[in-house]
Each structure stands twice: as structure tokens, then as C-alpha cells.
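Have a look at the structure below before the remarks.
Side-chain atoms are counted along with the backbone in the values below, which use heavy atoms only and exclude waters and symmetry mates. All values reported here derive from a predicted model rather than from experimental measurement.
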2 protein chains.
Amino acid sequence: MAGIKDVAARAGVSAATVSRVLNSHPSVSAEARTRVLAAVETLGYRPNAVARSLRTAQTRTLGLVISDVLNPYFTELARFVEEEARALGYSVIIGNADERPELQDHHIRTLIDRRIDGLLVSPADGGSPLMRDVALSGTPMVFVDRWIPGVDVPVVRADGTGAVRDLVAHLHGLGHRRLAIIAGPAATTTGNERVEAFRDALRKLGLALPDTYIGQGDFQAASGRRATERFLALAEPPEVVFAADNLMALGALDAIRARGLRVPDDIALAAFDDIPWFVHTDPPITAIAQPTADLARAAVRALADRIEGRTPQSVTLPARLVARRSCGEAAPNQRSDR
Amino acid sequence: MAGIKDVAARAGVSAATVSRVLNSHPSVSAEARTRVLAAVETLGYRPNAVARSLRTAQTRTLGLVISDVLNPYFTELARFVEEEARALGYSVIIGNADERPELQDHHIRTLIDRRIDGLLVSPADGGSPLMRDVALSGTPMVFVDRWIPGVDVPVVRADGTGAVRDLVAHLHGLGHRRLAIIAGPAATTTGNERVEAFRDALRKLGLALPDTYIGQGDFQAASGRRATERFLALAEPPEVVFAADNLMALGALDAIRARGLRVPDDIALAAFDDIPWFVHTDPPITAIAQPTADLARAAVRALADRIEGRTPQSVTLPARLVARRSCGEAAPNQRSDR
DNA sequence: CGACGCGTTGGAATCGATTACACGGACGAT
DNA sequence: ATCGTCCGTGTAATCGATTCCAACGCGTCG
């Protein structure tokens, strides 16, 4: 593979001049420039990013650590993150933590070792000591979706409280009174937050959220099934199950079907995180949609700001309710039609 | 951030010795080793992967270029690839081509610039000139799932012909005679292959595959919908639609529902690529499952073989039919019950 | 007692770029 | 004619590791 010296030799200049041309430094004669460019062309020269990074102490690379690639929400996030990063001239390396803290640490360490310019993280657990260290050490960092309280790092996330309130109102309007929730892990901010928003919304309508109507989940399908089975075994089972993420909603759907019940006739179902598949299930599932693309863009921009010396800002965007048929009634837009 | 010199100074040895300790070179005294290790510990030293890569001319990194991250099949593949690579001491950088040739080239170029040790590709199109160049240039490379004919690179893939035959037999057994297929892009090997396998299987049963029963798709949901609408508008619409990938199957499902038809009563549906969601649609969708985890493992191992000087081998694993309810009848295991 | 060998160690070159600094030449001003 | 400026360019240092080679100390053997 041709190096900068080969180009220099062929163009009859020094390596310094080649470098200057390639980095569009002003003081290069037009003549030298064309000769260099020609040499680059014929040799098919591509600068060695490793050498360049060593010298310049920047890799133009962002690390993205997500909790679970198999979750469509994160996949989508990753896709938009890469898109925006590319637009800003960065590459992205994705680390999938699989909801396992030690894997998360592994990826963080690897990314730091590669001297990525900045880190985008959606913490799988409450945050390892390693992550705190990294944040403290001055590595540019931004949290997306989930975050760690007490760590001074910008957070880009969706606020679901309004949408949860809308959802609860929607359910209430359909006549449902006994509402249950499958929560996420207590260690994640999103886990707690969604439960609290749900509880608040219920209270405002004069409804209670008994402990038996709070299922413990871990954002994986199996936990959604278990929690739902427990709900259904109750003497007075809920009329609605609200899953705090899409995977658990799927598990819930399974459990409901396994019992021979039907959605929404026998029990209603709703989920946090809207994903393309929810349109195709039967019935289509009512969900709270996050503005994934906007979140991704905001997160990347915040990180780029931090890296390039500007002051990054935390961003909170509203999530919104997408009513479908899994809670009863019919169309998204018509509420009580009498 | 502490460098090797800092460690050397603190341990009272030279940088060379520190390096030897870290790379477990034999000739280091036990005493020096413990001092170095202690210094590494207290300083929290982590070797700079960039510098190391420059010197050793290897990055211990694999590039994975896939056609569409949003397709669960590829997401799953990526996950297993990373898993196996990690087990072998490699990191993985994923490039998502979004089924766009120019994006694919962008990622390939970026990955080469970073001097990844090897490249795993599932070509989005028939293969760009760039990709041929890279393959020819000696960069270790392995194709997964899709490949480019005429390029001498090992291929790791699933053979669907057996499973397609089983599927056709299954459908035939259920009394279906008019079978249609939604094909993938002609430029991809998997696109053609699946159509041919389908056609052959039909022929063996004395059935024809008229051109009107071949829909042109591009592996995206929208194309599946369009093709299916065309099928349904036919004077004699097919009794079965077989989609060559999971996204197009979803599009087909939409089109069928939009027409007010029911699966499988009015029309049957099957898909290539089994994904977790197919269990949750209504009805669950019959699919041909690829051994994704095994494919990923085999691909990574082949690439590692190539990189580390061993001789890599092409691998073909059989796909298998997973019969569900979308084609009629009931359970997976019982065939004609009379 | 000297030579040899072996285990350890440090010095210095190297990987492929970027960039501070110096130098030579052209040109305008005085 | 002389000096200063500015432009274009090359030389060399540098980034942080790895690794070849030489040297050194020490024990052993002839």
C-alpha cells in the first residue's frame, strides 16, 4: 500500500508538501498541488488513518455504547447516530452491552484504548465505577436515553411524562380503570421514570397503582411474559397492561395469547417505544413513540460540541402517544364518538 | 493520560522493558515484572492502541459491512459476529450500507483507511469496482450471506434450496397450487438464488412459475407491499405469497390486510429469514430460518484464518423450514392428518 | 583464568503521518 | 543597491508504542 513518501517521490516534492496539499494548507504553489494530486490519483494513495491519529491525537471517531442491539429502538438510534456523525465527519463504533454491565465496561475500555474522540452512552446499569472514571477523566461524553444521576454529563433524552398522561387519559376514556405496568430495571433511569409518570397520571385521575399491578421486568421479552402471567393469575387481573419497553410488550402479548385471551377484548396492551413491527401485530399496538432521529441528531451534535470546544447542552424532547387498536375502540383520531 | 514512559519511569526501567512485560515476552526478570505491573496498576496505564497499531501494522479489528441494520436478520448476524470476534480477540466495526452502493463504498473506504485487519461483507449490490479492488489488493476478506460471483473470496452462507423444497412441499400438501414469490434485487446472489430454488421446487411437483407470479422487490417492506398489491389485482391471484426476505413479508402482510383479506384463510404467506417477530404476528408466519449464529461464527473464523495465515474455507450451512400457521392447517409437526 | 553463553536490559530505529522552524529566492520599498 | 517581507518548500522532531541489536553481568566450563 502506497505511503506518503511514495506520493512525494512521484510528485518530486517532500512529504511535508504532500501533507499540506492533502490538508488544504494555504501555502502550496498551484503547480506543486496539481503534481501531488496527480500522484495521489495514479497511486491510489489513501492516508493511513492510524498514523494520522497518532500524530494529531484525534481519531474523528465516536463510540456508541448501547444496551441491546437486538432492541429495534436502539438499532434505529444507532442508525441515526451514524448518519448524523457521518454528516459531521465522524465515524461511529458501536458497542453492544447486551444489558450486561461487564460487557458494557469491556466496550468502554476498548473504545478508550482506541482513543475515540467522544463517547455516547446509554448506560445498561446504574453506571459502573469505570464509567464514572471516564466521565471524570475528561473524555467527552454524552448520555442518550438513559443516564446516571450525579454524573456531570449532558443528557439527551425523550420526556415521556406528557405522553404517558395522554395514554392514561386515552385508556381512562375507553373505560379502563385497572391499569398495570411492567417496569424496567430499577437501576436504569428510564425504568423508574416511566413508572413514576404512570403513577402520577393515574393519581391525577383518582386511580391507584397497587404494588401487585407493578411487574418487575428487565427490558427483555421473557420478563414481560413472566410479569404478565403473574398479573393474569391475580384474583382481580388488570384491564390494561402497559409495558415500559417494546420487548416486554411482546412478552406480554405472548402470555396473553397463551392464556387464550384476546387483545383488546379481554385485556388491553400498550408499550413504551414505538417500532415498525407494532403496526403489523394483530392488533396493532398502541405505543409511545420517541423522536429517535431527533434524539440521535441532538446527541451527536452535543458530543461534537463538547469535542470541538463548544459548550454542549442537555436536550429533552417530548415523546408522543400513537394510539392503535390494542386498547380498544378503533381509529387513532376519534375519541369518545357519542 | 499516562504513557509507557511514565510507567517506565515509575518502575525504574526502560520503556522497552515495560513493553516486554505487557506483551509477556519471556526474558524479563520476575522482579522487573512485578515493579512494572505495580506501576501499571497505580497509574491506571492503558496502552495506546493507535500507537501500537501503527508500529505492529495490525489493529485487531474486523470490519463488517452489512446491507441494512434495520433488518433484524443482519442485526442478529452483527451481534453474533461481534461475539465470536471478541472471543478471538478482535473488535468489530460495523458499517451499514442501507442497501445503497455508494454508502457501502464509503464504509469500505473508511474501514480500509483505518487499516482493519479484515473485512466481512454482505454486498448490497453486485459489487462495486472498489470492492473488487479491495479483494484483489490482498486485504483479507470474507463474504457472508451474499457474495459476488467471480471474485475469489471465501463465502459463508446458508443454502436455502432444501428448505425451499420443504416449504413448497408443505404448501403443496396443504392443497396450494398457485404459488407466487417476491424476489430480491437481481444484483444480489441471494435474490436470484431463492427464486431459482423456488422455481425448481415447483417444477419437481409439476407446477409452473409464471412471470406474473414473480414480483420484483428490493428487500425493503414497501416493495413487498407493491408486489403483493399487484398479485392481488391479478385475474387469478396466487394462493400463496413467498417473500424472499422478512421485510418484504411484512409489506405483503400489510397489503393483504389492506385488502381486507385474511391469512391464511384467503391467502397464505411465507418468508425467507426467520425473525423473533414472526412468532408474534397474527398469524405466526411460516419462515425459512438461517442458522445465523453458526454463519456468524464460521465467517469470523474464516476471516481470522485468512488473517492469521491459515487457509480459510467457504462454508455452506443448510437453512430449515419453520412451519407456522400463516399457510394454513395447524401445528408445525403434523403434516397431512388423514 | 579466560572465554563463552545466557538471561536481562537499555538505546535507538521504526511505523506514517503532521507541523514548527529555517532557509532560499523574489519582490517592493527606501 | 540594500534590506525586509512574504511565499513556498524541505528538514527534522514528534506522537506512543514495538523490536532489533549491542552490551552487560554473572555463572560455568575448558
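- C:dA17 atom C1' lies 17 Å from atom CZ of A:R60, rounded to whole Å.
- For A:E76, the salt bridge (Lys or Arg N to Asp or Glu O under 4.0 Å) criterion is met by no residue, not counting sequence neighbours.
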Exercise for review: Given side chain to side chain contact (heavy atoms under 4.5 Å, CB included), test B:S19 with B:H25 step by step and report yes or no.
Suggested key: CA-CA 8 Å; B:S19 174; B:H25 185 97; over 6 Å; no
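- When the P atom of C:dT18 is taken as reference, atom CG of A:L54 falls 12 Å away, rounded to whole Å.
- Nucleotides of DNA chain D lying under 4.0 Å from heavy atoms of chain A occupy a range whose first and last members, 5' to 3', are D:dG8 to D:dG16.
- Take A:V153 and apply the side chain to side chain contact (heavy atoms under 4.5 Å, CB included) test, not counting sequence neighbours, and it matches A:A135, A:M141, A:F143, A:V151.
- Over its length, the helix from C:dC1-D:dG30 to C:dT30-D:dA1 turns its helix axis by 70°, as judged from the five terminal pairs at each end, rounded to 10°.
- Every residue two or more places apart in sequence or in another chain that forms a side chain to side chain contact (heavy atoms under 4.5 Å, CB included) with A:S314 is listed here: A:P154, A:V155.
- Using a 4.0 Å heavy-atom criterion, one finds that B:T56 contacts the sugar-phosphate atoms exclusively.
- Counting only residues at least two apart or in different chains, salt bridge (Lys or Arg N to Asp or Glu O under 4.0 Å) contacts with residues 58-67 of chain A comprise A:R60-A:E308.
- For B:R35, the salt bridge (Lys or Arg N to Asp or Glu O under 4.0 Å) partners at least two apart in sequence or on another chain are B:E31.
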Please list, one pair per line, the donor and acceptor atoms closer than 3.5 Å that link side chains of residues 4-14 of chain B to other protein atoms, with sequence neighbours excluded.
{"from": "B:D6", "atom 1": "OD2", "to": "B:G3", "atom 2": "N", "distance (Å)": "2.6"}
{"from": "B:S14", "atom 1": "OG", "to": "B:A16", "atom 2": "N", "distance (Å)": "3.4"}
{"from": "B:S14", "atom 1": "OG", "to": "B:T17", "atom 2": "N", "distance (Å)": "3.4"}

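- Partners of A:R52 under the side chain to side chain contact (heavy atoms under 4.5 Å, CB included) rule, at least two apart in sequence or in another chain, are A:N23, A:P47, A:T56.
- Atom CG of B:L70 is separated from atom CD1 of B:I66 by 9.0 Å, given to the nearest 0.5 angstrom.
- Residues of residues 36-49 of chain B that place a heavy atom closer than 4.0 Å to DNA chain C do not occur.
- The residue from A:D117, A:D133, A:I108, A:I112 that alone fulfils the side-chain contact (heavy atoms from CB on, under 4.5 Å) condition with A:T139 is A:I112.
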Exercise for review: Treat primed atoms plus P, OP1 and OP2 as sugar-phosphate and everything else as base, then score nucleotides 6-14 of chain C 5' to 3': B for base contact with protein heavy atoms under 4.0 Å, S for sugar-phosphate contact only, - for none.
Suggested key: --BBBB-BB
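- Within 6.0 Å of CD on B:E102 lie more than 12 heavy atoms contributed by other residues, nucleotides or ligands.
- By the salt bridge (Lys or Arg N to Asp or Glu O under 4.0 Å) test, A:D113 is found to be paired with B:R46, residues two or more places apart in sequence or in another chain being considered.
- Atom OG of A:S67 is separated from atom CG of A:D145 by 7.0 Å, given to the nearest 0.5 angstrom.
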